[in-house]
Amino acid sequence: MAPPVQNTPAEQQDGEQYESGLHVILPGDLLPPTQSQDSEDVVMAPVIKLGPGLQPMSDESIVAVKAGILQSTASANRWWVQSNQKRYVPSSGESVIGIVRGKTAEHYKLDIGAAHPALLGVMAFEGATKRNRPNHEASILGDLLYCRVALANKDMDPELECFNPTTGKADGYGGLEGGHVFKVSLGLARRLLDPKTLVLRLLGQHIPFETAVGINGRVWINSASASHTILVCNAIKNSEYLSPKECESMVKSLIQKM
Amino acid sequence: MKDTEPSKNEREFLLEALREGARIDGRKFYDFRTLRISFGSDYGAVEVQLGNTRILAKVSCEVIRPYADKPTEGFLSFSTEISPMASTVFEAGRQTDEEVLVSRMIEKAMRRSRALDTEGLCIIAGEKVWSIRVDIHFLDHDGNLADAACIAAITALMHFRRPDVTVVGEEVTVHPIEQRNPVPLSIHHIPISVTFALFDKGERMVVDPTYLEEQIMEGDLALTLNVHKEICALSKAGGMPLELEKVVQCSKIAAVKVQEITEQIEAALAADKKKR
Amino acid sequence: MASTSISVSAAESPAFSFSASTFQKLHPVEFFRKFISQGVRPDGRLLEGFRPTTVHKNVVSTANGSAMVRIGGTTVICGVKAEVAEPKMDSPNQGYLVPNVELSPMCSSSFRPGPPSEQAQAVSEAINRVLKESKVLDLTDLCIEEGKAVWALWADVSCVSYDGNIYDAALLSVMTALSDVRIRKPTYNEGIIKVSGAEILDDENSFTLNLARTPLSATFSLFDSSMALLADANAAEEAICQGEISVTLDEKGQICALSKVGAASSSQTLLRQCIATARTRTDELRSIIRSQ
Amino acid sequence: MDRKRVPGPELTVPPLVEYALDQKRWSPQEECRHDANRQPEDLRPIYLKTGLISQASGSAYIELEKTKIACGVYGPRPIKKSGYGFSGTGTLNCEFKFATFACVKRRNHIRDPQERELSMILTQALTPAVRLELLPKSAIDVYITVLECDGLSSCFAAAITAASVALAHAGIEMIDLVAACSASYVIMDRTLSSAVPPPSTTSDSAPAAVSLRPPTIIMDADLEEEKFEEGSIMVAYMPSLNEVTHVLQNGKVDRSIVSQSVEHCIEACNKIYAVMRHALVESIDEKQTR
Amino acid sequence: MARLDTTRTSAHQLRPFSSSQNLLNRADGSAQFDFGGSSVLCSVVGPAEVKLRDEKLNKATLEVIVRPLVGLPGVKDKACERAIRETLEPIVISALHPRTLVQIVVQTMKDNGSILSTALNAAIMALLDAGIPLNSIIGSVTCIIDSKTNEILLDPTTEEIARAKSTHVFVFDNKSSIPSSTSASMDVDISNDDDGSPRPLFSESTGLFTEEEYLECVNISFKACQAVHGFIRTAVSKKIEKEHQQTQA
Amino acid sequence: MASTAEAVIPGQRLGHAQEYIAGSGTYLHQDFLYASVVGIKQINPSDNDGLPFLTVQRESSQSAIPDIDTIVTCKVLRINPRFASVSIMVVNGKPCTDDFQGIIRAQDVRATEKDKVKIYNSFRPGDIVRAQVVSLGDARSYYLSTAANELGVIFGTSIAGGSLVPISWQEMQCTKTKAVELRKCAKPL
C-alpha cells in the first residue's frame, strides 16, 4: 500500500514542473511530440501502434488515458503506458486462471475476474471430439482451469480455449488439481510470468513448488505440504512493493520461521 | 453483485491446512489479526483495522424529548448499514443477512448489556435528554465484520465527549466544546466480541476468521464478554451441533482475547489523550 | 413543421428511407443534429426559444395555497398544506417549509411506480436549497407557540404531465403557490391549536406569507456533440443532451442559484449568455404571474 | 422515516376547526342539498377533456366543480413487472392515488390500503370493456391522480368515467365505454343534534340515528353531504350495451332503496355518457384541424 | 481581513492537502483525499458485471454512491451522487467498456467544510488508482463569499460556510482546450465557444450573489484548481515511481 | 373537419350484421355491429359484390405491438453464440412508445446452411436490424427471423466508429477505414 503523500500549498505551485528520470504520464497528457517524432520514419509513417493506456484523438494527437510510465519500443513505433491495476480486462492470447461457474450443452461458464463471464467450448480441449469428451464431466463447478483467451472484444463475452492453437496440444492448459490459488495485482502477475523473477527464484532455492500464473491476477501454487504452499503464497503476496533487498530479507525470515 | 464462491482448490486446501494445524495467512488458530486503532481530530471518531478489515465509527449527539414512559432515559442508537465500499456484495439500501447479524450483535453487546449509562444522559426528566448515535461505516471487508465493528463502536463511545450543559430551572444552555471542556460518557463496562469459525463439525475452531474462512466455515460461534469475564452475548450460527465443553473452551479462549484487546484499546485511548 | 420533412429527407440513408418519426426513434442524436445544424429544433423552436407558459393560482381549495403551471407539454400542480407540528429542540420558534416533487408514472412512461427516482430527489433538493439559502421565508413567521407548536408547510408538487424542464416548472409552481397561501390565525391553549371555521377568510381571521423574494429559474441543456445551448429542453431533447446550465434569479436580478452540470467544460461567454437570457426569461415569468 | 424525500417533521396534524355558535352551517334538515340549487337527482356540471398528458398514449381530465382528477393511459406495452408468465391476452392494471393536498387531511406520498383497494375495484370495473384478447403479452397501465376530492364515492365514480375515456383516447379497442355514478342515502329530516356524522365512507357500521323516514337518494354527493350519509352506492355501467360492470354498495338500507338508486345511477350514467361522447368526438376534430 | 479559520493567513489560501491511494483491498481502486480537517475516502470497482436494467450497450454505466459521516443517506446525498456522476461521465472514457459497471463509493471520513470538492478530488484519484480510462484529470475547490466582509474565501471550513452569503463549488479539468467526448466517436467543435477564459466543468452556486461576484469566484477557483491538479500529478507520480523503482530487480 | 355525424365511439351500434361485413375497428355482438375504437365510420363496397365492408378509421391509433409475420425494426443489444437479443423499436413502420424484447436465434438468421451460422459474424451490438416476427416466443421475448433477402442489418457502426455500407449479403464495409466486417445484411429495397 502506497504511503500518504503529504504536500503543502507552497510546493503545489511547482507541481506541474515535477521532474524525474522516468516519464510518468497522466490522463489528458498528450504524447510529447519530441518522443513520437524523434525517429524520422515515425514522422513519415502516419501510423504508430498504440498499446494500452493511449488513445488517438479526433485531432490526430495522441493522449494518455491511464496514469503510468510511458514506454516505447526501441524503434519508437509502438507506444504504451505501463500501469498497474487489480481489475482484469481480457485480451486475446493471454493465459488466465478461471473458476468454472456453470455449464450448458456446448459451453462452460468461467469466472476469470473480468466484467463478463468467459465461455469455454466443451470441445476446446486437446484432442476433444464429439466422441471422447474431456474428462470434466462429473461435477466441474468450482474447478480451476488454466486457459487461453481465444477471443476478446468489447461487444462479446470473452471465449477461452484449453489448448495452444499453434500446436493443438494442451501445453499446460487444463485443470489445476490441488494446491491453492490467490489474487495479486495484474502488475505483479505480469512480473511473475517470468520464472526468473526474484521472489520465485529465492523461494525456489529452498522449496520445490509448481506454479501457474494467470494474467488476470490469479496465482496458483502447489507443493509437497500445505505449510510450504502457504509460505510461498504469502512470500509472493508480500513481495509486491518490496525492493530486491527487502524481498531477500523477507524470504529469508519466512524460511527461518519454518 | 452476487457473492462469488471460492474454488474447490481453495476450499480443499484451506481444510487440509487446518488439519495440518495451519491457517492460510500463517496465523495460529487462536490469533487475532493485527489490530490498528486510530483516532480522528474530533472526539468520537475512530478507525479500526483488523488485518484488511477496516471500519470507521463516528459518535454524535443531540438533545431530544424522552419517551413519556421513560422520562429520565437517554437514547443510544447504532447505524450499521453496510456500505458497498466494503464489498460489492452489499447494495445501497438493501439489507443482507450479514448486516442483520452484525446489527443484532452490536445491539446485544452494547445496549442490552447496558455498556453505556443511558440514565446519565438525562438533562431534565421528561423534557430533555441526550440522544447518542453511533454510525458504523464498513470500509473494507476481509471477514469478521462483527468483532471489528464491536471494537470500533465501544472505542468510539469511550473516546467521545459531549458538550457540557447547565440547567437553570427549565432553561438549558449547551456550551460549545470550544468554550467549556466537554464531558465523557459514563461507560459501565467494555464488551468485546470474539468470533470463532467452526470447521469439520466443530473439530477445528479458529478466531477472527478471514473472508475466505467465513465462506468455507460450517458455522460460527460469537461470544461477547468483558474483562470481568461476564458474558454479554452468545450466538451460534450454522446448523451443526456443538458440545457444551466446546463452548466452555471457547469462552476460556475468548476471555484471554478480551483481556488483550481491552488493554490495546485502553493503551490507544491513553496515547491519544496525551496528544491532545 | 415543414422543416422536419426537409432535414429528414436529407438524413435518409441511400439504401433505406424512413418516416421522420422512425428516423428519430432509430437515430435520435443524428436526427437532432440535423435540426441544430439548421438552427432550429424539431418542435419548430429556435435554440434560445422557451415554450408557451401559463400560471394559475388557487386551483385546489383543499390546500392553503396552490398553483398550476404549464410550460409546453409539462404540467405541474403545487399544493401547499399548513399543518401543526412540534418544533425542533434547537430551533424552538421556527416552523418548517418542506418542498417535494413527485414524478409519478402517470406523467411519463419514463417514470416507474415506487419511491422517488434520483431525478425527483435531486429536483426536490435543488428547490429546498434555493428556498433555504436565498432566505425566501423567515421560518419564525410560522411559530405558533415557542417550543410547543409551529406551522409545517408541505409544498408538494405533483407532476401531471412531464415533457422536460421540471425544475423551472416546479420552482415556478412552488413560488406561486406560496404567494397564494392563506392560513387561518391559530389560538394556542394547553397544547390545543384551534382555528376559526369562518366561511370567508380575511386579514382578521387569517394571514398570508411574507416572502422576502421570489426566485425563478431558466434552465438550458447542452447538446454536447455540437456544444449547442437549448433553452427549456423538452423530454426528447433532455434524453440526448449531456449537460445542463440552470440560473435562478430573484426580482432584483440577484442570482439565487447557478449550476452547470455534465457535458464538456463551458466558457464564461456561454455562462454569461445563460445569465442574460435567464434575466429576460424570469422577467417574463414575473409578468405572467402578475397578469393573472 | 422516508430517506428519498426532503425530510419534514415526523408528525403533523391539521388544526382543530372551531365554528362560531352563530355561524350557519349546512345540515340535511332543511330538505335542501348542500348546493341549494341542486335537486336530489341533479349531478354537478361535468367538465371532461382528453389529451392533457403529452407523453401518455391517452389521457383525460375530469372536473365535477371542486373535484379534479387526471388520468393517464400507457400501452399496450411490454409487461414491466417480472414474474409474469406467457399470457395470451393483455393485462389491465390501474393505480389510483390521491395527491397529498387533495383532501382535508394531508395524504401520504405512499399509497395507503384504501388507495390500493380502489385501484383494484377500478381494474374490475374497466376490464370487461377492454378487448384484452387482442393484446397478447402486453400490459395497459392506467394511472389516476386525484388533485382535489369533494366527495369520495362521487370522486371515485368520476375516476372510472375519466379512465374509460382515456382508454378510448389511447385508441385501445373496447366493446363500450364505462360511465360511473354514485348516490348517497341521506335522511333529510335529521335535526342537527342527532346529526353525528358517521365515519364518512365505512358506514356499514350501523347508522347513528335509526330513523323512521326512509333516506333520500341524492345523486353525486359532495363531501359535506357525505358526512351525513347512511350509506352510498356506486354503479359502473356500459351505456350502449346496457350492462353493469360494477356495483359498490355500503351502509344498511332497504333493498327497495338499493334497486331504486341503481336505476337512478344508470339514468345518470346515460347523461354522463353524452358528455364522454362529446369529449371524444371533440378529440377527433382537434386532430383533424391539426 | 482575518479568517474565522485562524490557521490561515489569507483569503485565498487552501488548507494543506494530502492523499493516499490503494488503501482498500476489496475495491479495484481507492483513494483518500484531505483538505485539512475534511477528509473523504473513495472506492472504485470496475469495469465489473452490470445489472441488466442498468446496462448500456455502447458504454459503461457509472454509478456513484455517497455515504454521509453521520446519519443515513438522504436526498442531499442523492443530489451529490448526481452531481459527481454527471461531472465524471464526460471524463471517464466509458465507450471502451460497454455493458459494464464502474461503481464509485464516496465516504466522508472527517467533515470540516468543502466536502463535495474533497469528494470529487478523492474520486478522480481513486479512478486513476483503478486504472479506469480517463480523458483528463479534474480538480475541485469550494469558495464562499463572506456575508460580513464580502470577501471571497477559498476552501472554507464549516464555521466559515455558516457565515457565507453564497457558496460556490467548481471543477476544472486539466485541459479545457481539449474536447471532452473524444470517446464518443463524435467530432466536437468547441471553437464557437472558446474565449480563452477558465472553463468550469462543474459549477454549483447557492445563496445570493451577483454575476460579477460569480465570475470572480470562477477565476480565483481556477487558479486554486491548478494547484490541486499539480498536487494530484505529484502524488500519483510519486506513487508510480516508488512502485516502479522498487520492483526493478 | 369531420362532420360529427360519422364520428363514432366505442360501443356505438353501427348496423345490422346482415347488411355489412365487420371490418377493422368494429366488432360483432349478437346480430349487430359495434364500433370498438374512436374514429370515422366508413363503408366500402366489397370487391366481389358481396356485402359492403364496415370499418372505423381510427383517429388516435393505438401504439403498435408486434404480431406474427409483422416486419419490425430492432436494435441489437447483446449477442451470444446461441442468439442475439434485440429491442424492437418499430413495428410495421410505426415507432413503439415502449420497446419490446426479442431474440434472433442462430437457426433463424438465414434460410440456408443454418448450422454454419455464427451469431457474431451476423450481428453486433448496436446494429439496426430489419426482421420478421416468427412467433410470440416466451414470456419475455418475441422470436424474430432474418431469413430472407430483404431482412437483416440495415445500419451498423464499424469498430472504428464509421458507418457500414453493405457490399454483399454477408459483408459490410466501414466508410472510414474501408475495413470489411461480417454481417447478415438486408438487401436494400
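In the text below, chain A, chain B and the rest are named by the order of the sequence lines, each starting its count at 1. Atom set for the values below is all heavy atoms of this structure, side chains included, hydrogens, waters and symmetry mates excluded.
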Checking [X] against chain E: side chain, backbone, both or neither under 4.5 Å from a heavy atom?
{"X": "C:V261", "result": "both"}
{"X": "C:L271", "result": "side chain"}
{"X": "C:Q273", "result": "neither"}
{"X": "C:R213", "result": "side chain"}

Could you check if a side-chain atom of [X] sits within less than 4.5 angstrom of a side-chain atom of [Y], using non-hydrogen atoms only?
{"X": "C:D250", "Y": "E:L208", "result": "yes"}
{"X": "E:E204", "Y": "C:R129", "result": "yes"}
{"X": "E:E211", "Y": "C:R279", "result": "yes"}
{"X": "E:R199", "Y": "C:L270", "result": "no"}

Counting heavy-atom pairs closer than 4.5 Å to chain C, which one of E:E81, E:R85, E:E89 comes out on top?
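Answer, by heavy-atom pair count under 4.5 Å with chain C: E:R85.
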
Heavy-atom pairs under 4.5 Å with chain E: which of C:S134, C:A122, C:S246, C:A126 has the most?
C:S134

Atom [atom1] of [X] and atom [atom2] of [Y]: how far apart are they, to the nearest 0.5 Å?
{"X": "C:Q268", "Y": "E:Y214", "atom1": "CD", "atom2": "OH", "result": "8.0 Å"}
{"X": "E:F202", "Y": "C:S265", "atom1": "CZ", "atom2": "OG", "result": "14.0 Å"}
{"X": "C:I255", "Y": "E:S166", "atom1": "CD1", "atom2": "OG", "result": "9.5 Å"}
{"X": "C:Q254", "Y": "E:K165", "atom1": "CD", "atom2": "NZ", "result": "6.5 Å"}
{"X": "E:K78", "Y": "C:Q119", "atom1": "NZ", "atom2": "CD", "result": "13.0 Å"}

Chain C contact via E:T210 - side chain, backbone, both or neither, heavy atoms under 4.5 Å:
backbone

In this structure, are over 12 heavy atoms from other groups packed under 6.0 Å from E:K76 atom NZ?
no

Return yes when atom NZ of C:K88 has more than 12 non-hydrogen atoms of other residues, nucleotides or ligands closer than 6.0 Å, and no otherwise.
no

In terms of heavy-atom contacts, C:A263 and E:L201 come closest through O-CD1, 3.6 Å

Under a 4.0 Å N-O cut-off, is there an ion pair linking E:R82 with C:E125?
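Salt bridge flag = no for C:E125 with E:R82.
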
